[in-house]
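What follows is a single structure, written as structure tokens, with notes after it.
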Amino acid sequence: MRESDQMSEQDTFRADPSEADRYDVAAVQAKWLPVWDELEPFKADDDSAAEKRYALTMFPYPSGDLHMGHAEVTALHDVISRYWKLRGFEVLNPMGWDSFGLPAENAAIRNDEHPATYTYANIETQYESFKRYAVGFDWTRRLHTSDPEYYRWTQWLFLKFRERGLAYRKLAPVNWCPNDQTVLANEQVVDGRCERCGAEVTKRELSQWYFKITDYAQALLDRLDDLEATWPERVVTAQRNWIGRSEGAHVDFVVGDRVVTVYTTRPDTLYGATFMVVAADAKLAAELVTNEQRPAYEAYVEQVRKASDIERMSTERPKTGVDLGVTATNPVTGEQVPVWAADYVLADYGTGAIMAVPAHDQRDLDFAREFGLPVRMVVDTGEEDPAVSFVATTGNGSYVNSGPLDGLSDKATGIRTVIEQLQADGVGEGTVNFRLRDWLLSRQRYWGVPIPIVHCPTDGEVAVPYEELPLQLPDLRGADLKPKGVSPLAAADDWVNVSCPQCGGPAKRDTDTMDTFVDSSWYFLRYCSPHFEDGPFDEDLVRAWMPCDIYVGGVEHAVLHLLYARFFTKVLHDMGMVDFEEPFAAQLNQGIVINQGKKMSKSLGNGVNLGAQLEEFGVDAVRLTLVFAGPPEDDIDWADMSPAGSLRFLQRAWRLSGDVTSAPGTVDGGDVSLQKARARTVHDAAELVESHRFNVMVARVMELVNATRKVIDAGGAADPAVRAATETVAQLLSLVAPYVAEEMWERLGHQPPIARTSWPTYDEALLVEDTVTAVVQVQGKVRGRVEVPADVSDADLEAAAMADPAVQKALEGATVRKVIVRAPKLVNVVTG
RNA sequence: GCCCCGGUAUCCCAACGGCAGAGGAAGAGGUCUUAAAAACCUCCCAGUGUGGGUUCGACCCCCACCCGGGGCACCA
């Protein structure tokens, strides 16, 4: 007895509920990971007869380990992917790394090593983290854009684009980041600063490679209409703004012995043009200026060059400019107007020259005021004369001082009339302009795709033959990579000096590398056949999987990556390699994870370490927290979240699986209200996932857990409805918390993996309620409730409502004027 | 300056134009425990940023404004 006393004491200690009624998070994770590795439930089968779905999430750059942002986007993404899987689709859900780029190069310089060292070490770290995070990726399709097997095809595509005239080289002023020592695309300059490092961008005149994305401006714009329903509105709007289509006219002015064409959206105000302005940094200005004015002009240009974009773009700044000393002839009036140079006119938009109509354009008016130039109103809008008010008028009005336009009062008619006249006289034409510029793709850095071009003194630019691809990077490391203003590749003599593929004579390789956005413009295609060796992708497999049914990622790529990827897809469509024009059928942009109301940052010291959170609460609880936090698009303030609460809920759900006492398969019948709750939950969950309202879906699962708990505690552990509900909980939970779901599934007597089960079914009849509680309002205020059959007629409901004692009381002494009946839920009695 | 999104309980968030509360967190009390944690039970908590309008009825639609977040801004 003594011995057994001791035993029981120990047992009591062991049987502490905190040990017995909770699962060991770390042990469950350790248990299932190898099982899933073995079973590969998410391996996508190209040959499957099932309908295919492609779930794509933006691949990461390998900087360090995964952080909260990755955790959020993949948790949300995985809900959709796992849902489709349960719905019976063959799902392609791949992952890889956007592994070329500057951080690796900077780390290599710091640590005196090769950029690949940093890159591939981080990839391995992130890969392990993704594995533990249990996202349903098909790892057999993993790719890295820095692998020669991948960038071989990036180079191939570049050459194909070039053959189609879509990749070309030109000398032009370009954005230069003095910190990163490389040029930048327009899209990478945000408010005059480098999008990557924040340094102020300056201008340089350089010969660089461009993709002719402007050829596709109209197509890129047109197709946005189709995406409106399934893409976030802000992304569509951002792209529309970025493409910036405008309709207007080219008008030819004569300056001396040459023609200068201007672009205007208001040709109808041509009679009010009182001067012309040419972009100060355009060649045209230097060509037009008189010798007398040249010193003043050159001083001005010098001043403009020095000013940063930030200064230039400030709208507060007074207008500056210089008189070029020449006059231009207005083609419709024959009038001579002065020609000025100014920096408010941009060299690379339109024709780089404008006709200034100060009365009807605020910028021109500001300039005219600054330099005492005349203001002539030609559209009378009824507002005060801009020459007096200094407020340009831009609305509709009647034309004055405008020759044949006088008497008209409609802007559209005025514009059309002038364009017709210009065309008849051969001095202008209607035209369309875009804000979008060609995509500058050269970068003066090492860790990127080498541009497969050889420069030959005899043959000029010569393509590296396709059979020589990939053109691999030379082996440079450490100090070799220090930015010097030219690409580090230029110093690799053995690599640079080659014989011309055409004439065999001495020639030099192009030493720039490609913008990493080129790499990511087609990776989603590569996933369809990641090991294909006869081209960038297997066209049949791309046809089978693409376009992506959902693309989940950050809204920061609204223009950059998404516009480029769309451009690539359109070109490939024109090349006949793909049969669709848009790569991403639908899109979901998640918010960001912040902490204490602020973006996480080192300087604020408010960073939340993902690894520590996973360690403390487990993968499932962290994922659940992120999904449950709110609508996916909203930012999540981690300080407001309770991963501990998430874990508590998961424990609660898990406990159900241990309380079920019926045998597997015992799922029909039982507690009717629980059956109904289960049916309703499954029905709603599908709708909620499809409309991306994952947080509400989780709340519904919580409700079902609560309902099931109640039945069990009331003695229903053996009830078939309890088993059915618990199995449903496990399956629904598997979209968010795969470990505990798998564990529950096993405890319920089933084989793994739960990911390969199918979406729970239910009897439709359970969704139909027999009776409904109808609300009776008097003057919009609830005064009573009546229980009625769900299919009650309006008349019967009204009768029942009016018979209700509480309603009778509320109606005492009042005259019923009208009764609104909305069977079976509501009656509103209006008195009067 | 222009455009978009949001503002519901102490907090995060739900509510086909029809009973403002689904879910969670926090808080209070209780059961259990030597105690604590956990679990379970109970309770507390707003009339929906402000002011108008439409409607039988408005968190929801319309107008104006306030606050917060985001985007665009010398592109002619």
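Given the structure is predicted, the values throughout are model-derived calculations rather than measurements. Chain letters run A, B, ... following the sequence lines, proteins first, then strands; residues in each count from 1. Just the heavy atoms: all of them, side chains too, but no hydrogens, waters or symmetry mates, feed the values below.
Distances were taken from every side-chain heavy atom of A:E703 (C-beta onward) to each of B:rA22, B:rA14, B:rA25; the shortest belongs to B:rA22. The side chain of A:V696 lies closest to B:rA14 when the candidates are B:rA73, B:rA14, B:rG18. The listed nucleotides are B:rC19, B:rC5, B:rG23; the one nearest the side chain of A:E233 is B:rC5. The side chain of A:R822 lies closest to B:rC56 when the candidates are B:rC72, B:rA76, B:rC56. The side chain of A:V775 lies closest to B:rC19, out of B:rC19, B:rC56, B:rA14. Of all nucleotides listed (B:rG70, B:rA39, B:rC13), B:rG70 comes nearest to the side chain of A:R234. Nearest to the side-chain atoms of A:R435 among the listed nucleotides B:rA38, B:rA76, B:rA73 stands B:rA73. Nearest nucleotide to the side chain of A:N695, out of B:rC11, B:rA14, B:rG24: B:rA14. Among the nucleotides B:rA76, B:rC12, B:rG23, the one closest to any side-chain atom of A:L346 is B:rA76. Relative to the side chain of A:N706, the nucleotides B:rC56, B:rG23, B:rA76 differ in distance, and B:rG23 lies closest.
Taking a cutoff of 4.0 Å between a charged side-chain nitrogen and a carboxylate oxygen, A:R693 and A:E687 do not qualify as a salt bridge.
B:rC19 is unpaired under the criterion used here, namely a Watson-Crick or G-U wobble arrangement in which both key atom distances are under 3.5 Å. Pair check for B:rA38 finds none; no Watson-Crick or G-U wobble contact set falls under 3.5 Å. Applying the Watson-Crick and G-U wobble criteria (two distances, each under 3.5 Å), B:rC43 pairs with B:rG27. Across all strands shown, B:rG68 pairs with B:rC5; the Watson-Crick or G-U wobble distances both stay below 3.5 Å. Checking B:rC61 for Watson-Crick or G-U wobble geometry (two distances, each under 3.5 Å) identifies B:rG53 as its partner. When both pairing distances are held under 3.5 Å, B:rU48 makes no Watson-Crick or G-U pair with any nucleotide shown. If you check B:rU33 for Watson-Crick or wobble pairing at under 3.5 angstrom, you find it has no partner at all.
Across all strands shown, A:R245 has no heavy atoms under 4.0 Å from either base or sugar-phosphate atoms. No contact: A:T237 has no heavy atom under 4.0 Å from any strand. Within the 4.0 angstrom heavy-atom criterion, only backbone atoms of the sugar-phosphate kind lie near A:M641; the bases stay farther away. Among the atoms of the strands shown, only primed sugar atoms or phosphate atoms (P, OP1, OP2) are found under 4.0 Å from some heavy atom of A:K818.
For B:rG18, its base sits under 3.5 Å from the side chain of A:Q777 at one donor and acceptor pair at least. The base of B:rC19 is not paired with the side chain of A:K825 by any donor and acceptor separated by under 3.5 Å. For B:rC56, its base sits under 3.5 Å from the side chain of A:N828 at one donor and acceptor pair at least.
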side-chain contact (heavy atoms from CB on, under 4.5 Å) assessment of A:V251 paired with A:L422: CA-CA 7 Å; A:V251 184; A:L422 290 171; 3.8 Å; yes

Please lay out, stage by stage, how A:D637 and A:N595 fare under the test side-chain contact (heavy atoms from CB on, under 4.5 Å). CA-CA 5 Å; A:D637 192 334; A:N595 192 24; 4.1 Å; yes

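At whole-Å resolution of the value, CZ in A:R693 and C1' in B:rC16 are 10 Å apart. One can place CD1 of A:I594 at 12 Å from C1' of B:rC12, the figure rounded to the nearest angstrom. The separation between A:R817 atom CZ and B:rU55 atom P is 12 Å, rounded to whole Å. The interatomic distance linking A:I636 (CD1) with B:rG24 (C1') rounds to 14 Å, in whole Å. Between the P atom of B:rG70 and the NZ atom of A:K598 lies a distance of 13 Å, rounded to the nearest Å. Distance, A:D640 CG to B:rC11 P: 10 Å, rounded to whole Å. Remark: C1' of B:rG23 and CG of A:L688 are 12 Å apart, rounded to the nearest angstrom. We find that CZ of A:F649 is positioned 10 Å from C1' of B:rG24, with the value rounded to whole Å.
Because its NZ or CZ atom is not both nearer than 6.0 Å to the ring centre of A:F367 and within 45° of the ring axis, A:K319 does not count as a cation-pi partner of that residue. Both the sub-6.0 Å distance and the 45° axial angle are satisfied by A:R435 relative to the ring of A:W242.
In this structure, B:rG53 is classed as anti because its glycosidic torsion departs from zero by more than 90°.
Between the side chain of A:N828 and the backbone N or O of A:I820 there is no donor-acceptor pair closer than 3.5 Å. Remark: the backbone N or O of A:T320 is not paired with any side-chain donor or acceptor of A:E370 at under 3.5 angstrom.
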